[in-house]
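Here the structure comes first, spelled out in C-alpha cells, and everything after it is commentary.
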There are 2 protein chains.
Amino acid sequence: MATIYQVSELAGVSLATVSRVINDNAIVSEKTKAKVLAAMKTLDYRPNSVAQSLASNRSNSVGILVSELHGAFYGSMMSDIELALREFGKHAIITAGHSDEKSEKEGVEFLISRSCDALILHLEAVSDQYLIDLKKRNVPFVTVNRYIPEIAENCIFLDNELGGYIATHYLLQQGHRDIAYIAGPLWKTDAKQRFNGHKKALKEFDVSFNQRLMYEGNFQEEGGQKAIQTLLETGIAFSAVACANDEMAAGAMSALREKGHNIPDDISVMGFDNLVFSRFTFPKLSTVNYPIALMGKTAANWVLNNLYTDRESHIQHIFKPELVVRDSVKKFNQ
Amino acid sequence: MATIYQVSELAGVSLATVSRVINDNAIVSEKTKAKVLAAMKTLDYRPNSVAQSLASNRSNSVGILVSELHGAFYGSMMSDIELALREFGKHAIITAGHSDEKSEKEGVEFLISRSCDALILHLEAVSDQYLIDLKKRNVPFVTVNRYIPEIAENCIFLDNELGGYIATHYLLQQGHRDIAYIAGPLWKTDAKQRFNGHKKALKEFDVSFNQRLMYEGNFQEEGGQKAIQTLLETGIAFSAVACANDEMAAGAMSALREKGHNIPDDISVMGFDNLVFSRFTFPKLSTVNYPIALMGKTAANWVLNNLYTDRESHIQHIFKPELVVRDSVKKFNQ
DNA sequence: AACATTTATGTAAGCGCTTACAATTATTTT
DNA sequence: AAAATAATTGTAAGCGCTTACATAAATGTT
C-alpha cells in the first residue's frame, strides 16, 4: 500500500499538503490539488484509516453492540443504523454482546478501544451503574431499548409495559378471559415490563392472573413451542395466548397446530415486535408494533448530530408501541 | 484514558516492558510483571487498539462484508463467524455491501483500510476480476457463496446448481409436472445457478420449461407474493412452485392462501436455504438445506488458521445442499 | 516601491503503541 | 572468581497520519 509520503514525493509537495487535500479542510491551490490527486491516483493511494484515527483521535466510525447478530429484530436495527451512518460517510463497527455481562462489557471496551466516535448499544446484562459510569468516561453513547433515569438523555426506548398492556388489553376486549402468557426471560428488563403490562391489563378487567398459565420462554421460536407444550399439559383451558415476542408466537402457532388446535378459532395468538415475517405467518400474526427501524435511525441521527455536525438536535427518546390487528386473534363470543 | 506511558511511569519500568506484559510475548520477571499489572489496574488501563494496530500492522480483527445486515441468511452467517472469532479472542468488523458494486468496493476498501487481518466476503455485484486483483494485493480473504476458478483456494461455496436441481427433482419425483419457478434476481450468480439446476431437473424428466411459469423475484417475502400474483394471472395451471429461497417461499405461501389455495393440497411449495423460520411456517416448509452457519464457521477457521496459528489446515471448500422434506409438498397422484 | 495582507505550502512534533537492538544483571561454568 | 552464557530490561526508531506553527509566495495598498 502506498503511503502519504510516497504521494507527497511523487506530487512534489509536503506531507501536510497531501493531508490537506485528503481531508479537504484547508485551502490548497487548484494546481497543487490536481497534482496531488493525480499522484494519489497513479499510486492507487488509500489513506490508512488506522493512522488517521490515531493522529486525529477520530475514526469516523460508530460502534454498535447488539445481543445477537442474527434475529430479525437486531437485523432491522443494525440495518437502519448502518444505512443512516453510511449516508453521512460514517461506518459501523458491529459486535455482539450475547446477553452476557462479561461479553457485553468486553464488547463495549472493544468498541471504545477501536476509537469509535460514539456507541449505539443494546445492552441487557450489564448493570445500570455500568452505563452511568460509562457516561462519566466521556464516551458518547446512546442505549436502545433501555431507560435509565440518571442518563435519560442517552436513552432511546420503547414503552414496553404499555406494549404488553396493549396486547392483552386487545385480547380482553375481544372477549378472551382465559389468557396464557409466554414471557421472555424475566431477568431482561423488557421481558419483565411486557409481562407487567400483561398483568396490568388483566387487573383492569378483573381477571385474576394464574401463574400456571404463564411460561418463561427464551424469546426464540423453540421457546414458544416448549411453552405451548407445557401450557397444554397443565390441563387448564385458555382461549388465547399472548407472547412476549413474535418469534415465540411463531413457535407457539406451530406447536398449537401440531396439537390439532386451530388458530384463531380454537386458540388466539398475539405477538409482539411486528417483525417483517409476522405478515407472512399463517394466520397472519396480530401483534404490537415495535418501531425498531425508526429507533435505530433515531439513534444514528443522535450520534451524527451530536458528533459530526454543529446543530443541536432534539430527538425523540420514548417511542410508543401500537396495536397491529391481523388474523391470529378471534373475536370471542361469550 | 491512561496510556502505556503512564503505566510505565507508575510501575517504574520502561514502555517496552509494559508492552511485553500486555502482549505476553517475551520473558518478564514475575516481580516486574506484578508491578506492571498492578499499575495497569490502578490506572484502569486499556491498550489503545488503534495504536496497537498501527504499530504492529495487525489488528486482531477480521472484516466481514455481507449484502445486508438483516435477513436470516446473513444473520446466521455473521453470527457463527463472530462466535468462532471470539473464541480465539479476535473481533469482527462488519459492514454491508447492499448488492451494489460501488458499495461493495467501498466496504472492502473500508475493511482493508481498517487494517483487518483478513476478510470474509459475501460479494455479489463486484466482478470476478476485482477479487482476482484483490488477491494480488495480498489481503488474505475468503469469499462465501462464490466460486472463482482462478482463486479457488479462497472460495467457500455451495453447489447452488445442485441445490436447484435437488428441489425440482424432488417435486418431479412426487409426480409434479406443472412446476412454476420463482427465481432470485438473475444477475446474481447463485440465483442463476439455482435456476439452471431447476431447468436441468426438468429436462431430465422431459418436462419442457415454460418461460411464463417463471418469475424473477427479489429474494424477499414480498417478491414471492408478487410472483404468485403474476403467476396466477397467466392462467396457466401449476401444481407446484419452486422458490429460489425460503423468504420468497414464505411470501408465496401467504399469497397462495390469500387466493384461496390450499398448501400443499392444491399447490405445493418448495423453498431453498432452510432458514430457521422455515420450520415454523405453515405448512412447514420443504426446502433445501444451505449449511450457511457451518460455512461461516469454516470461513472463520480458515482465517484463524492461516493467520494466527501455524498449523496448515485443509478446509472444505465446496458444500453440498441437501433435501429437507417437511410438509409443503404433496405427493401428486397422476 | 515599500509595506501590510492574504493565500499557499512546508516543518516538525506528536498520536500510543511495537520491536529490533543494546545494555544490564543474574546465573552457570570451569 | 573470572569468563561465558542466559535472563531481563531499556533505548529509540518507527507505524502513517494530523495539525499547530513557521515560512514563503502572491496580491493589494498607498
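Just so we're on the same page: letters track the sequence lines, and every chain starts at 1.
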Checklist entry - Any idea how A:Phe73 and A:His122 line up, ring-wise: parallel (<30°), tilted (30 to 60°), or perpendicular (>60°)? => result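 Taking A:His122 first and then A:Phe73, their aromatic rings stand perpendicular (interplane angle over 60°).
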
Looking at [options], which one has an atom nearest to any side-chain atom of [X]?
| X | options | value |
| --- | --- | --- |
| B:Ser14 | D:dG10, D:dT18, C:dT9 | D:dG10 |
| B:Asn25 | C:dC17, D:dT11, C:dT19 | C:dT19 |
| B:Val13 | D:dG10, D:dC17, C:dT18 | D:dG10 |
| A:Tyr45 | D:dC17, D:dT19, D:dG16 | D:dC17 |
| A:Thr17 | D:dG16, C:dT9, C:dC17 | C:dT9 |
| B:Ser29 | D:dT9, C:dG16, D:dC17 | D:dT9 |
| B:Arg20 | D:dC17, C:dG10, C:dC21 | C:dC21 |
| A:Ser19 | C:dT18, D:dT19, D:dT9 | D:dT19 |
| A:Asn48 | D:dT11, D:dC17, C:dT18 | D:dC17 |

Checklist entry - Please walk me through it: do A:Lys35 and A:Glu30 pass salt bridge (charged side-chain N to carboxylate O under 4.0 Å, His left out)? => result CA-CA 9 Å; A:Lys35 274 194 302 187; A:Glu30 285 307 319; over 6 Å; no

Euclidean distance, atom [atom1] of residue [X] to atom [atom2] of [N] [Å, nearest integer]:
| X | N | atom1 | atom2 | answer |
| --- | --- | --- | --- | --- |
| B:Ile27 | C:dT25 | CD1 | P | 19 Å |
| B:Lys33 | D:dA7 | NZ | C1' | 14 Å |
| B:Asn57 | D:dC15 | CG | P | 10 Å |
| A:Glu30 | C:dA8 | CD | P | 9 Å |
| A:Met40 | D:dC17 | CE | P | 11 Å |
| A:Arg46 | D:dC17 | CZ | P | 13 Å |
| A:Lys31 | C:dT9 | NZ | P | 9 Å |
| A:Ile22 | D:dC17 | CD1 | C1' | 8 Å |

Next on the checklist: At less than 4.0 Å, is any side-chain N or O atom of A:Ser53 found next to OP1 or OP2 of D:dC17? Yes or no.
Outcome noted: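 No, no such contact exists.
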
Item to check | Any A:Gln52 side-chain nitrogen or oxygen under 4.0 Å from OP1 or OP2 of D:dT18 | outcome: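 Yes, because at least one side-chain N or O of A:Gln52 sits under 4.0 Å from OP1 or OP2 of D:dT18.
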
Checklist entry - Can you list the steps and then say if B:Asp24 with B:Lys33 is a salt bridge (charged side-chain N to carboxylate O under 4.0 Å, His left out)? => result CA-CA 10 Å; B:Asp24 199 23; B:Lys33 191 181 218 166; 3.7 Å; yes

Checklist entry - Mapping B:Ala26 and B:Ser56 onto DNA chain D by nearest heavy atom, which one lands closer to the 5' end? => result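 Whichever sits nearer the 5' end wins; that is B:Ala26.
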
Item to check | Output field: ring centroids A:Tyr290/A:Phe319 closer than 6.0 Å | outcome: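 Aromatic pair excluded; centres sit 6.0 Å or further apart.
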
Next on the checklist: Base, sugar-phosphate or nothing for B:Ser49? Non-hydrogen atoms, less than 4.0 Å.
Outcome noted: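 Nothing, no heavy atom under 4.0 Å.
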
Next on the checklist: Please classify the nucleic acid contact of A:Val28 as base, sugar-phosphate, or nothing, using heavy-atom distances under 4.0 Å.
Outcome noted: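 Counting heavy atoms under 4.0 Å across all strands, the contact made by A:Val28 is with sugar-phosphate only.
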
Item to check | Enclosure of B:Lys297 NZ (heavy-atom neighbours >12, cutoff 6.0 Å) | outcome: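 Atom NZ in B:Lys297 is not crowded, with 12 or fewer foreign heavy atoms closer than 6.0 Å.
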
Checklist entry - Considering residues at least two apart in sequence or located in another chain, which fulfil the side chain to side chain contact (heavy atoms under 4.5 Å, CB included) criterion with A:Ser103? => result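 Checked A:Ser103 against side chain to side chain contact (heavy atoms under 4.5 Å, CB included); matches are A:His98, A:Asp100, B:Arg86.
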
Item to check | First encountered from the 5' end of DNA chain C, between A:Leu15 and B:Ala2 | outcome: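 By nearest-heavy-atom nucleotide position, the 5'-most residue is A:Leu15.
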
